[in-house]
Amino acid sequence: MAATVDTPFDWRDIRGDGVRLKAGGRSYIDCASGTFNLSLGYSATEVKQALHEQIERCCHLSSELTREKSLRVFESLREHLPSHIDGYWFRDIVGSTAIECAVRIAQKATGKTEIISLFGSHHGQSIAATGISGNAFRQASFRLPVIASLKVPAPDCNNCFYDKTPDSCGMFCATRLDDFLEYASSGQVAAVVIEPILGNGGNIVPPPDYFGRLREFCDRHGILVIADEVQTGFGRTGEFFASNGLARELRPDVIVFAKGAGGIGIPVAGVLMRRELDVLEPWEHSSTAGANPLALVALQATIDYINKYDVLANVRALGPVLRTELDRLGHEFPSMENVRGEGLMLGFDLPDSASVAAFIEVAKGHGLLLRGSRYGFGRTVKVRPPLVVNAAEVADIVRGLRSALTELQEAGVG
Ligand SMILES: Cc1ncc(COP(=O)(O)O)c(C=O)c1O
(Lines give C-alpha, C1' and ligand atoms only; values in the text may rest on other atoms or scores of the structure.)
Protein backbone atom coordinates (compact mmCIF):
# COMPACT_ATOMS: atom_id res chain seq x y z
CA MET A 1 0.00 0.00 0.00
CA ALA A 2 1.27 3.49 -0.82
CA ALA A 3 2.64 5.48 2.14
CA THR A 4 1.37 8.77 0.68
CA VAL A 5 -1.78 9.60 -1.22
CA ASP A 6 -1.74 11.97 -4.15
CA THR A 7 -4.59 14.44 -3.54
CA PRO A 8 -4.63 18.13 -4.39
CA PHE A 9 -5.75 19.28 -0.91
CA ASP A 10 -5.17 18.41 2.70
CA TRP A 11 -8.69 17.21 3.58
CA ARG A 12 -8.54 18.98 6.93
CA ASP A 13 -8.42 22.31 5.07
CA ILE A 14 -11.56 21.58 3.05
CA ARG A 15 -14.63 23.50 4.20
CA GLY A 16 -18.23 23.15 3.12
CA ASP A 17 -20.40 26.24 3.06
CA GLY A 18 -23.93 26.08 1.66
CA VAL A 19 -23.65 24.66 -1.86
CA ARG A 20 -19.95 25.43 -2.01
CA LEU A 21 -16.83 23.51 -1.19
CA LYS A 22 -13.80 25.61 -0.33
CA ALA A 23 -10.36 24.13 -0.76
CA GLY A 24 -6.86 25.27 -1.69
CA GLY A 25 -7.93 28.93 -1.59
CA ARG A 26 -10.67 28.29 -4.14
CA SER A 27 -14.43 27.97 -3.96
CA TYR A 28 -16.41 25.46 -6.00
CA ILE A 29 -20.14 25.00 -6.45
CA ASP A 30 -20.71 21.34 -5.74
CA CYS A 31 -22.94 20.23 -8.61
CA ALA A 32 -22.58 16.63 -7.43
CA SER A 33 -24.00 17.43 -3.98
CA GLY A 34 -21.09 15.55 -2.40
CA THR A 35 -21.74 11.94 -3.28
CA PHE A 36 -25.22 13.00 -4.26
CA ASN A 37 -26.20 12.94 -0.62
CA LEU A 38 -26.05 16.61 0.42
CA SER A 39 -29.66 17.51 -0.24
CA LEU A 40 -29.31 20.56 2.04
CA GLY A 41 -25.74 21.38 1.10
CA TYR A 42 -22.87 21.36 3.54
CA SER A 43 -24.06 23.54 6.34
CA ALA A 44 -27.81 23.70 7.08
CA THR A 45 -27.70 25.36 10.48
CA GLU A 46 -30.68 23.67 12.14
CA VAL A 47 -29.46 20.22 11.13
CA LYS A 48 -25.98 20.92 12.50
CA GLN A 49 -27.47 22.31 15.70
CA ALA A 50 -29.71 19.27 16.24
CA LEU A 51 -26.70 17.00 15.75
CA HIS A 52 -24.54 18.99 18.17
CA GLU A 53 -27.24 18.68 20.81
CA GLN A 54 -27.56 14.94 20.27
CA ILE A 55 -23.79 14.45 20.43
CA GLU A 56 -23.88 16.08 23.86
CA ARG A 57 -26.56 13.58 24.97
CA CYS A 58 -25.06 10.45 23.36
CA CYS A 59 -23.97 9.19 19.94
CA HIS A 60 -25.22 5.65 20.20
CA LEU A 61 -28.24 3.87 21.58
CA SER A 62 -29.43 0.43 20.57
CA SER A 63 -32.37 0.44 18.18
CA GLU A 64 -34.51 -0.91 21.01
CA LEU A 65 -34.10 2.45 22.76
CA THR A 66 -34.74 4.59 19.68
CA ARG A 67 -37.97 2.87 18.65
CA GLU A 68 -40.07 5.78 19.83
CA LYS A 69 -37.92 8.26 17.86
CA SER A 70 -38.20 6.09 14.72
CA LEU A 71 -41.98 6.21 15.03
CA ARG A 72 -41.95 10.02 15.39
CA VAL A 73 -39.75 10.34 12.31
CA PHE A 74 -42.05 8.08 10.34
CA GLU A 75 -45.05 10.13 11.43
CA SER A 76 -43.46 13.28 10.07
CA LEU A 77 -42.72 11.49 6.80
CA ARG A 78 -46.33 10.37 6.40
CA GLU A 79 -47.60 13.58 4.80
CA HIS A 80 -44.98 13.13 2.07
CA LEU A 81 -45.77 9.50 1.28
CA PRO A 82 -48.24 7.89 -1.09
CA SER A 83 -51.26 7.16 1.16
CA HIS A 84 -50.93 3.39 0.83
CA ILE A 85 -47.42 3.44 2.35
CA ASP A 86 -48.04 3.04 6.07
CA GLY A 87 -45.19 0.88 7.38
CA TYR A 88 -41.47 1.40 7.89
CA TRP A 89 -38.22 -0.31 8.81
CA PHE A 90 -35.46 2.06 9.91
CA ARG A 91 -32.53 -0.25 10.60
CA ASP A 92 -30.12 0.91 7.89
CA ILE A 93 -27.64 3.67 7.43
CA VAL A 94 -26.65 3.03 3.81
CA GLY A 95 -28.72 2.49 0.71
CA SER A 96 -27.16 -0.87 -0.21
CA THR A 97 -28.35 -2.65 2.90
CA ALA A 98 -31.70 -0.87 2.77
CA ILE A 99 -32.12 -2.34 -0.72
CA GLU A 100 -31.26 -5.75 0.75
CA CYS A 101 -33.90 -5.14 3.40
CA ALA A 102 -36.46 -4.48 0.64
CA VAL A 103 -35.39 -7.66 -1.14
CA ARG A 104 -35.76 -9.64 2.09
CA ILE A 105 -39.23 -8.20 2.60
CA ALA A 106 -40.22 -9.12 -0.96
CA GLN A 107 -38.82 -12.62 -0.67
CA LYS A 108 -40.38 -13.32 2.70
CA ALA A 109 -43.77 -11.83 1.79
CA THR A 110 -44.10 -13.57 -1.57
CA GLY A 111 -42.22 -16.79 -0.88
CA LYS A 112 -40.41 -16.18 -4.18
CA THR A 113 -36.79 -15.30 -4.80
CA GLU A 114 -35.90 -13.59 -8.05
CA ILE A 115 -35.53 -9.84 -8.57
CA ILE A 116 -36.04 -8.04 -11.86
CA SER A 117 -34.05 -4.84 -12.42
CA LEU A 118 -33.05 -2.66 -15.34
CA PHE A 119 -30.00 -2.47 -17.57
CA GLY A 120 -27.79 0.34 -16.26
CA SER A 121 -29.41 0.37 -12.82
CA HIS A 122 -27.38 0.83 -9.66
CA HIS A 123 -28.79 -0.43 -6.38
CA GLY A 124 -25.66 -0.47 -4.24
CA GLN A 125 -22.24 -1.90 -3.55
CA SER A 126 -22.94 -4.78 -1.18
CA ILE A 127 -22.64 -8.20 -2.82
CA ALA A 128 -26.40 -8.68 -3.10
CA ALA A 129 -27.10 -5.12 -4.24
CA THR A 130 -24.34 -5.27 -6.85
CA GLY A 131 -25.74 -8.57 -8.08
CA ILE A 132 -29.13 -7.04 -8.83
CA SER A 133 -27.63 -3.93 -10.47
CA GLY A 134 -27.29 -3.66 -14.23
CA ASN A 135 -23.59 -2.97 -14.76
CA ALA A 136 -21.00 -5.63 -15.55
CA PHE A 137 -18.06 -3.44 -14.54
CA ARG A 138 -19.09 -3.58 -10.90
CA GLN A 139 -19.43 -7.37 -10.93
CA ALA A 140 -16.54 -8.55 -13.06
CA SER A 141 -14.07 -9.37 -10.29
CA PHE A 142 -16.45 -11.23 -8.01
CA ARG A 143 -18.56 -14.36 -7.87
CA LEU A 144 -21.97 -12.68 -8.19
CA PRO A 145 -24.91 -12.69 -7.94
CA VAL A 146 -26.12 -14.27 -4.73
CA ILE A 147 -29.73 -13.44 -5.55
CA ALA A 148 -31.46 -14.75 -8.66
CA SER A 149 -31.53 -11.68 -10.84
CA LEU A 150 -33.00 -10.87 -14.20
CA LYS A 151 -32.11 -7.63 -15.96
CA VAL A 152 -34.35 -6.15 -18.63
CA PRO A 153 -33.68 -3.25 -21.03
CA ALA A 154 -34.23 0.14 -19.43
CA PRO A 155 -36.82 2.51 -20.90
CA ASP A 156 -34.06 4.76 -22.20
CA CYS A 157 -35.54 6.63 -25.16
CA ASN A 158 -32.25 8.39 -25.99
CA ASN A 159 -30.52 5.06 -26.32
CA CYS A 160 -33.23 2.54 -27.05
CA PHE A 161 -32.13 -1.07 -26.69
CA TYR A 162 -34.59 -2.00 -29.44
CA ASP A 163 -33.51 0.89 -31.66
CA LYS A 164 -37.01 2.34 -31.72
CA THR A 165 -38.36 5.86 -31.31
CA PRO A 166 -40.88 6.90 -28.65
CA ASP A 167 -43.45 8.30 -31.11
CA SER A 168 -44.00 4.91 -32.75
CA CYS A 169 -42.66 2.21 -30.39
CA GLY A 170 -45.88 1.61 -28.43
CA MET A 171 -43.65 1.27 -25.38
CA PHE A 172 -42.06 -1.87 -26.78
CA CYS A 173 -39.74 -2.23 -23.73
CA ALA A 174 -42.80 -2.61 -21.47
CA THR A 175 -44.54 -4.96 -23.90
CA ARG A 176 -41.57 -7.34 -23.90
CA LEU A 177 -41.58 -7.75 -20.10
CA ASP A 178 -43.96 -10.71 -20.35
CA ASP A 179 -41.51 -12.49 -22.66
CA PHE A 180 -38.63 -11.95 -20.25
CA LEU A 181 -40.71 -13.38 -17.44
CA GLU A 182 -41.81 -16.33 -19.52
CA TYR A 183 -38.49 -17.23 -21.14
CA ALA A 184 -35.67 -15.73 -19.07
CA SER A 185 -36.77 -15.78 -15.43
CA SER A 186 -36.89 -18.62 -12.93
CA GLY A 187 -40.65 -18.23 -12.73
CA GLN A 188 -40.13 -17.25 -9.09
CA VAL A 189 -40.02 -13.47 -9.29
CA ALA A 190 -40.58 -11.69 -5.99
CA ALA A 191 -40.12 -8.07 -7.05
CA VAL A 192 -39.12 -5.55 -9.64
CA VAL A 193 -36.75 -2.88 -8.35
CA ILE A 194 -36.58 0.40 -10.23
CA GLU A 195 -35.05 3.84 -9.75
CA PRO A 196 -37.66 6.43 -10.84
CA ILE A 197 -34.77 8.16 -12.59
CA LEU A 198 -31.80 5.88 -13.23
CA GLY A 199 -29.19 7.97 -11.48
CA ASN A 200 -25.81 6.39 -11.86
CA GLY A 201 -26.82 4.81 -15.17
CA GLY A 202 -27.01 8.24 -16.79
CA ASN A 203 -29.90 10.28 -15.43
CA ILE A 204 -32.28 8.22 -17.52
CA VAL A 205 -35.87 9.42 -17.19
CA PRO A 206 -38.39 6.73 -18.18
CA PRO A 207 -41.31 7.98 -20.28
CA PRO A 208 -44.20 8.74 -17.87
CA ASP A 209 -46.41 5.88 -19.12
CA TYR A 210 -43.74 3.30 -18.37
CA PHE A 211 -44.46 3.34 -14.65
CA GLY A 212 -48.14 2.46 -15.09
CA ARG A 213 -47.27 -0.27 -17.59
CA LEU A 214 -44.75 -1.76 -15.18
CA ARG A 215 -47.28 -1.67 -12.33
CA GLU A 216 -49.87 -3.39 -14.48
CA PHE A 217 -47.34 -6.09 -15.45
CA CYS A 218 -46.45 -6.67 -11.79
CA ASP A 219 -50.11 -6.80 -10.72
CA ARG A 220 -50.84 -9.43 -13.35
CA HIS A 221 -48.02 -11.65 -12.11
CA GLY A 222 -48.17 -11.11 -8.34
CA ILE A 223 -44.81 -9.30 -8.34
CA LEU A 224 -44.03 -6.54 -5.82
CA VAL A 225 -42.66 -3.17 -6.89
CA ILE A 226 -39.70 -1.67 -5.03
CA ALA A 227 -38.98 1.98 -5.79
CA ASP A 228 -35.30 2.67 -5.21
CA GLU A 229 -35.55 6.33 -4.19
CA VAL A 230 -32.02 6.48 -2.81
CA GLN A 231 -31.29 9.25 -5.31
CA THR A 232 -34.74 10.60 -6.14
CA GLY A 233 -36.05 10.79 -2.56
CA PHE A 234 -36.06 13.80 -0.24
CA GLY A 235 -37.06 16.40 -2.77
CA ARG A 236 -34.59 15.86 -5.59
CA THR A 237 -37.22 15.78 -8.37
CA GLY A 238 -39.42 18.50 -6.87
CA GLU A 239 -41.69 16.08 -4.99
CA PHE A 240 -40.60 14.68 -1.65
CA PHE A 241 -40.58 11.23 -3.28
CA ALA A 242 -40.74 10.65 -7.03
CA SER A 243 -43.32 7.99 -6.16
CA ASN A 244 -45.64 10.95 -5.51
CA GLY A 245 -44.55 12.74 -8.66
CA LEU A 246 -43.18 11.55 -11.95
CA ALA A 247 -43.41 7.87 -10.91
CA ARG A 248 -46.87 8.17 -9.31
CA GLU A 249 -48.31 5.42 -11.51
CA LEU A 250 -45.75 2.98 -10.15
CA ARG A 251 -47.65 2.78 -6.83
CA PRO A 252 -44.68 1.01 -5.25
CA ASP A 253 -45.20 -1.56 -2.53
CA VAL A 254 -41.86 -0.65 -0.98
CA ILE A 255 -39.81 2.57 -1.12
CA VAL A 256 -36.12 2.67 -0.21
CA PHE A 257 -34.42 5.93 0.74
CA ALA A 258 -30.88 6.95 1.80
CA LYS A 259 -28.38 9.61 0.61
CA GLY A 260 -30.27 12.96 0.80
CA ALA A 261 -32.17 11.80 3.90
CA GLY A 262 -29.21 12.80 6.07
CA GLY A 263 -29.42 16.40 4.82
CA ILE A 264 -25.80 17.45 5.24
CA GLY A 265 -24.25 14.03 4.74
CA ILE A 266 -25.11 12.07 7.86
CA PRO A 267 -25.52 8.42 6.79
CA VAL A 268 -29.10 7.22 7.20
CA ALA A 269 -31.32 4.94 5.17
CA GLY A 270 -34.73 3.37 5.53
CA VAL A 271 -37.43 1.25 4.00
CA LEU A 272 -41.09 2.24 3.73
CA MET A 273 -43.82 -0.15 2.75
CA ARG A 274 -47.46 -1.15 2.85
CA ARG A 275 -48.05 -2.26 6.44
CA GLU A 276 -48.88 -5.84 5.50
CA LEU A 277 -45.33 -6.08 4.14
CA ASP A 278 -43.89 -5.34 7.56
CA VAL A 279 -42.90 -8.99 7.80
CA LEU A 280 -39.33 -8.98 9.10
CA GLU A 281 -38.25 -9.85 12.60
CA PRO A 282 -35.58 -7.59 14.12
CA TRP A 283 -33.01 -10.37 13.91
CA GLU A 284 -33.68 -10.81 10.22
CA HIS A 285 -32.46 -7.37 9.20
CA SER A 286 -30.62 -4.96 11.48
CA SER A 287 -27.12 -3.67 12.12
CA THR A 288 -25.09 -2.16 14.95
CA ALA A 289 -25.58 1.40 13.80
CA GLY A 290 -29.12 0.95 12.49
CA ALA A 291 -31.57 3.51 13.91
CA ASN A 292 -28.77 5.19 15.87
CA PRO A 293 -29.68 8.55 17.43
CA LEU A 294 -27.46 10.69 15.19
CA ALA A 295 -28.98 9.16 12.06
CA LEU A 296 -32.53 9.61 13.33
CA VAL A 297 -31.88 13.17 14.51
CA ALA A 298 -30.38 14.07 11.12
CA LEU A 299 -33.36 12.46 9.37
CA GLN A 300 -35.88 14.37 11.49
CA ALA A 301 -34.00 17.66 11.16
CA THR A 302 -33.79 17.20 7.38
CA ILE A 303 -37.54 16.63 7.08
CA ASP A 304 -38.19 19.66 9.30
CA TYR A 305 -35.81 21.81 7.27
CA ILE A 306 -37.41 20.80 3.97
CA ASN A 307 -40.84 21.70 5.40
CA LYS A 308 -39.79 24.93 7.10
CA TYR A 309 -37.91 26.43 4.15
CA ASP A 310 -40.19 24.94 1.49
CA VAL A 311 -37.23 23.33 -0.20
CA LEU A 312 -39.56 21.52 -2.62
CA ALA A 313 -40.80 24.90 -3.91
CA ASN A 314 -37.18 25.93 -4.46
CA VAL A 315 -36.54 22.79 -6.52
CA ARG A 316 -39.74 23.36 -8.53
CA ALA A 317 -38.77 26.97 -9.19
CA LEU A 318 -35.07 26.63 -9.97
CA GLY A 319 -35.01 23.16 -11.55
CA PRO A 320 -36.82 24.41 -14.67
CA VAL A 321 -34.59 27.51 -14.81
CA LEU A 322 -31.46 25.36 -14.82
CA ARG A 323 -33.06 22.96 -17.30
CA THR A 324 -33.92 25.82 -19.69
CA GLU A 325 -30.36 27.08 -19.50
CA LEU A 326 -28.98 23.59 -20.16
CA ASP A 327 -31.26 23.31 -23.19
CA ARG A 328 -29.90 26.65 -24.40
CA LEU A 329 -26.32 25.42 -23.98
CA GLY A 330 -27.29 22.28 -25.86
CA HIS A 331 -28.24 24.46 -28.83
CA GLU A 332 -24.99 26.45 -28.58
CA PHE A 333 -22.62 23.50 -28.28
CA PRO A 334 -22.98 20.63 -30.77
CA SER A 335 -21.13 18.19 -28.48
CA MET A 336 -23.81 18.56 -25.80
CA GLU A 337 -26.81 16.30 -26.36
CA ASN A 338 -29.90 14.86 -24.73
CA VAL A 339 -30.43 17.34 -21.90
CA ARG A 340 -32.84 15.63 -19.53
CA GLY A 341 -34.02 15.30 -15.97
CA GLU A 342 -36.55 16.47 -13.45
CA GLY A 343 -36.26 19.02 -10.65
CA LEU A 344 -32.60 19.35 -9.72
CA MET A 345 -31.67 15.93 -11.07
CA LEU A 346 -30.40 16.99 -14.48
CA GLY A 347 -27.85 15.72 -16.92
CA PHE A 348 -26.65 15.78 -20.51
CA ASP A 349 -24.51 13.66 -22.79
CA LEU A 350 -21.13 14.36 -24.35
CA PRO A 351 -19.77 12.22 -27.20
CA ASP A 352 -17.98 9.67 -25.01
CA SER A 353 -16.61 8.95 -21.54
CA ALA A 354 -13.23 10.50 -22.40
CA SER A 355 -14.86 13.85 -23.22
CA VAL A 356 -16.87 13.62 -19.98
CA ALA A 357 -13.64 13.13 -18.00
CA ALA A 358 -11.98 16.05 -19.81
CA PHE A 359 -15.04 18.24 -19.28
CA ILE A 360 -15.22 17.52 -15.56
CA GLU A 361 -11.56 18.46 -15.17
CA VAL A 362 -11.97 21.67 -17.18
CA ALA A 363 -15.14 22.60 -15.25
CA LYS A 364 -13.18 22.44 -12.01
CA GLY A 365 -11.07 25.30 -13.35
CA HIS A 366 -14.32 27.24 -13.76
CA GLY A 367 -15.46 26.64 -10.21
CA LEU A 368 -17.73 23.62 -10.63
CA LEU A 369 -17.54 20.13 -9.18
CA LEU A 370 -19.33 17.62 -11.43
CA ARG A 371 -19.57 13.87 -11.79
CA GLY A 372 -20.03 11.59 -14.77
CA SER A 373 -22.30 8.58 -15.09
CA ARG A 374 -21.43 4.91 -14.56
CA TYR A 375 -18.36 5.70 -12.48
CA GLY A 376 -16.64 7.26 -15.46
CA PHE A 377 -17.67 4.53 -17.92
CA GLY A 378 -20.68 6.48 -19.18
CA ARG A 379 -21.07 9.56 -21.38
CA THR A 380 -23.41 11.58 -19.18
CA VAL A 381 -22.51 14.64 -17.11
CA LYS A 382 -24.77 14.96 -14.09
CA VAL A 383 -25.80 18.42 -12.89
CA ARG A 384 -27.31 18.10 -9.43
CA PRO A 385 -26.55 20.87 -6.99
CA PRO A 386 -27.93 20.77 -3.44
CA LEU A 387 -31.65 21.51 -3.26
CA VAL A 388 -31.00 24.76 -1.39
CA VAL A 389 -29.17 26.34 -4.34
CA ASN A 390 -30.36 29.90 -5.07
CA ALA A 391 -30.93 31.80 -8.31
CA ALA A 392 -27.55 33.54 -8.24
CA GLU A 393 -25.79 30.19 -7.76
CA VAL A 394 -27.77 28.69 -10.64
CA ALA A 395 -26.52 31.56 -12.80
CA ASP A 396 -22.96 30.82 -11.63
CA ILE A 397 -23.41 27.15 -12.57
CA VAL A 398 -24.59 28.08 -16.05
CA ARG A 399 -21.70 30.51 -16.47
CA GLY A 400 -19.21 27.84 -15.39
CA LEU A 401 -20.70 25.23 -17.72
CA ARG A 402 -20.64 27.64 -20.68
CA SER A 403 -16.98 28.55 -20.00
CA ALA A 404 -16.00 24.88 -19.67
CA LEU A 405 -17.85 23.90 -22.86
CA THR A 406 -16.21 26.79 -24.71
CA GLU A 407 -12.75 25.80 -23.47
CA LEU A 408 -13.33 22.19 -24.45
CA GLN A 409 -14.62 23.18 -27.89
CA GLU A 410 -11.61 25.42 -28.49
CA ALA A 411 -9.32 22.56 -27.46
CA GLY A 412 -11.11 20.38 -30.05
CA VAL A 413 -12.30 17.84 -27.46
CA GLY A 414 -15.75 16.31 -27.89
C1 LIG B 1 -30.10 4.43 -6.71
C2 LIG B 1 -29.15 3.91 -5.67
N3 LIG B 1 -29.52 2.89 -4.87
C4 LIG B 1 -28.72 2.42 -3.91
C5 LIG B 1 -27.47 2.96 -3.69
C6 LIG B 1 -26.59 2.45 -2.59
O7 LIG B 1 -26.51 3.39 -1.58
P8 LIG B 1 -25.23 3.43 -0.60
O9 LIG B 1 -24.08 3.88 -1.41
O10 LIG B 1 -25.63 4.40 0.47
O11 LIG B 1 -25.06 2.06 -0.07
C12 LIG B 1 -27.02 4.01 -4.50
C13 LIG B 1 -25.67 4.59 -4.32
O14 LIG B 1 -25.13 5.28 -5.13
C15 LIG B 1 -27.89 4.51 -5.51
O16 LIG B 1 -27.52 5.51 -6.31
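As the structure lists them, so they are numbered: ligands from 1, and atoms in each ligand from 1. Owing to the predicted nature of the structure, the values given are computational and were not obtained by experimental measurement.
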Would you say ligand 1 has an N or O under 3.5 Å from any N or O of K259?
yes
Exercise: identify the closest heavy-atom pair between E100 and H285
C-CE1, 4.3 Å
Ligand 1 versus A258, non-hydrogen atoms closer than 4.0 Å: side chain, backbone, both, neither?
neither
Ligand 1 to E195, heavy atom cutoff 4.0 Å, flagged ligand atoms 1 (C)
Regarding R371 and D30, does a basic nitrogen lie under 4.0 Å from an acidic carboxylate oxygen?
no
E239 with R316: basic N within carboxylate O range, under 4.0 Å
yes
Under 4.0 Å from any heavy atom of Q231, which atoms of ligand 1 are there?
1 (C), 16 (O)
Give me the nearest non-hydrogen protein atom to atom 9 (O) of ligand 1 as residue plus atom name, then the distance to 0.1 Å.
S96 OG, 4.3 Å
Got a salt bridge between D179 and R176, using NZ or NE/NH1/NH2 to carboxylate O under 4.0 Å?
yes
If you have a sec, work out which protein heavy atom is nearest atom 3 (N) of ligand 1 and how many Å separate them, to one decimal?
D228 OD2, 2.7 Å
Given side chains that start at C-beta, do those of L326 and L401 come closer than 4.5 Å, heavy atoms only?
yes
Which atoms from ligand 1 have a heavy atom of G95 less than 4.0 Å away?
6 (C), 7 (O), 8 (P), 10 (O), 11 (O)
Below 4.0 Å from ligand 1: does a non-hydrogen atom of H123 turn up there or not?
yes
Residues R78 and E75 bridged, charged N to O under 4.0 Å
no
Note: V94, heavy atoms under 4.0 Å from ligand 1, region reported as both
Which residue and heavy atom of the protein sit nearest atom 2 (C) of ligand 1, plus the separation:
H122 O, 3.2 Å
So that I can tick it off, tell me whether R12 and D10 are bridged by a salt bridge, with the cut-off set at under 4.0 angstrom between side-chain N and carboxylate O.
yes
